[in-house]
2 protein chains.
Amino acid sequence: MEESKSGTVRAVDRALDILLCFTDTTDLGLTEIAEKTGLHKSTVFRLLASLEAKGFVTRDSSTEKYKLGFRIWELSVNLSQGDDPATILLPEMERLRDILGETISLYIRDGSERIRIQAVQSKHSIRRVAPIGARLPLYVGASSKVLIAFADMNTQENMINDWKEFIDISAYKDQMAGIRKVGYATSVEEREPGVAAVSAPVFNRSHQLVAALSVSGPLNRLTLENMKDHAGLIIESANRMGNMLR
Amino acid sequence: MEESKSGTVRAVDRALDILLCFTDTTDLGLTEIAEKTGLHKSTVFRLLASLEAKGFVTRDSSTEKYKLGFRIWELSVNLSQGDDPATILLPEMERLRDILGETISLYIRDGSERIRIQAVQSKHSIRRVAPIGARLPLYVGASSKVLIAFADMNTQENMINDWKEFIDISAYKDQMAGIRKVGYATSVEEREPGVAAVSAPVFNRSHQLVAALSVSGPLNRLTLENMKDHAGLIIESANRMGNMLR
DNA sequence: CTAATTGTTTCACATGATGAAACTAAGTTA
DNA sequence: TAACTTAGTTTCATCATGTGAAACAATTAG
């Protein structure tokens, strides 16, 4: 991996790189971590010893794979509310709602589900939407497509493998490739009759997917034509959100 | 602080110690971190440079204090559900409910509120309880007293300072000292008429408070007498929970 | 205005981090 | 069953890195 940045501590940089391997995977072996980080196995072993001793990673007793430890949860509890992405991104979501006049939602993937972590309601629509915190499946909706299409390859393979009995794998992969190409996904009446949605990925500064930004509304306002018209604005807004997250 | 453990990487140990300063504080200056960790300011400065470069801490632009960065949230999202403390501790909560026959709850502190992160309902009571995820104030209830009494001194001072217009500070401090002495807190009809509660602290392996375990029920079953009788069992159960968390 | 405090930079030096090599254990294949 | 492969662990010579003391700059307090 990259050599030490000026002014940083190389061993610490490396240990944090190991932790960051767990942003989209829950279980990893030592050799897998060495491959992901480009570090020697003996180096990874020692750095993991430090992370494990302080509770940042733990060793699963049955699989012997490494996973994130309790301290990550403990620290996350103490993230102040002002730093919560759901709070940081709210003004930009409100700005987008004011421009487009539709309901704006933000979703993250959690295993084989997505969670609605923030929402700004359309001013004129009074239809029901899933409450914040709701867990929804990943096989319907524009944001589900985004959370799969822009996920790492391992996650995509796992989801596709889970669904192999229900989908045309080849057609699904083509659909995901098309979404990556245009940079957004659409859905029409997939989760709810009469409702369409457009969704774009939110990436962090390391170009990793962190959330899906979604605009939804009734079919008479979100036609295929103006979904395409809105896509550029939604992608641009998602990019602005990515820049707001450190 | 302590010298390197056998087989760990000293610089990484130190950087993680810096991160762990944020388990009960949201904002810290460089000198404060140096004091908490016993490290030289120039050492802390360099280690923070690594943590900041990778997004684990960030510098507040107005106060210039350090705070936890976005990556902590991002990693916590990927903690697998099996590692979520609310999941890990559920069997022990069920065991306690089966013994005592009352409603068991687990609370964590978040700023000036507490959050109910897990609950096991009494088998015979059908009274309403706050749903999981509910935010409740910290100035009522046995678990509130525990979350204050066993918090670090800074947190206690901050809460007391917030409430100084509404409480007898001296009496409150005496009450907190008494709770620390016996190891548990009680409340009678503080949040809800006809309901009493007993609460004990859950500490992690570093003896830091992570949650409050609470048993609640109607006054006719939770008299002062049998709250005292139950306290020992509740404390013992909270200790078992602390050992379950890595 | 002066003193104190916090944060930042520099650099000589000691030691800690590294990876190559070897080893152990477990799983896979023929 | 034996041989091979893979993953994880240990050892150690080497040198690059991490450290803290000192000095400096900026800000705050009296």
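Chain naming here is simple, since letters A, B, ... match the order of the sequence lines and numbering starts at 1 in each. Since the model is a prediction, treat every value here as computed from it, not as a measurement.
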Test side chain to side chain donor-acceptor pair (under 3.5 Å) applied to S170(B) - qualifying residues, sequence neighbours left out: none
Could you tell me how far apart L48(A) (CG) and dG8(D) (C1') are, to the nearest whole angstrom? 11 Å
For V182(B), enumerate each residue passing the side chain to side chain contact (heavy atoms under 4.5 Å, CB included) test, keeping only those at least two apart in sequence or located in another chain. Y184(B)
In this structure, how many angstroms lie between the C1' atom of dA7(D) and the NZ atom of K36(A), rounded? 17 Å
Could you work out how much the helix from dC1(C)-dG30(D) to dA30(C)-dT1(D) bends, comparing the axis of its first five pairs with that of its last five, to 10°? 50°
So that I can tick it off, tell me whether E94(B) and R97(B) are bridged by a salt bridge, with the cut-off set at under 4.0 angstrom between side-chain N and carboxylate O. no
Only pairs at least two apart or in different chains count here, so list each salt bridge (Lys or Arg N to Asp or Glu O under 4.0 Å) that has a residue in residues 136-148 of chain B. K145(B)-E190(B)
Length of the line joining D60(A):CG and dG8(D):C1', which is rounded to integer Å: 16 Å
Which residues share a side chain to side chain donor-acceptor pair (under 3.5 Å) with T23(B), sequence neighbours left out: Q208(B)
For N161(A), all residues meeting side chain to side chain contact (heavy atoms under 4.5 Å, CB included), sequence neighbours excluded: K164(A)
Tell me, please, which residues at least two apart from E64(B) pass side chain to side chain contact (heavy atoms under 4.5 Å, CB included). R59(B)
With S143(B) via side chain to side chain donor-acceptor pair (under 3.5 Å) - residues at least two apart: R114(B)
According to ring pair (Phe, Tyr, Trp, His ring centres under 6.0 Å), who are the partners of F45(A), at least two apart in sequence or on a separate chain? none
Side chain to side chain contact (heavy atoms under 4.5 Å, CB included) with R180(A): which residues, sequence neighbours excluded? A149(A), F150(A), Q156(A), M176(A), A177(A)
Close N or O pairs between protein and nucleotides 19-21 of chain C (under 3.5 Å):
from	atom 1	to	atom 2	distance (Å)
dG19(C)	OP1	R14(A)	NH2	3.3
dG19(C)	OP2	T43(A)	OG1	2.2
dG19(C)	N7	S42(A)	OG	2.8
dG19(C)	O6	R46(A)	NH1	3.3
dA20(C)	N7	H40(A)	NE2	3.2
dA20(C)	N6	S42(A)	OG	3.2

Identify all pairs in which a protein N or O lies below 3.5 Å from an N or O of nucleotides 4-7 of chain C, and state each distance.
from	atom 1	to	atom 2	distance (Å)
dG7(C)	OP1	L30(B)	N	3.4
dG7(C)	OP2	L30(B)	N	3.1
dG7(C)	OP2	T31(B)	N	2.6
dG7(C)	OP2	T31(B)	OG1	2.7
dG7(C)	O3'	R59(B)	NH2	3.4
dG7(C)	N7	K41(B)	NZ	3.1

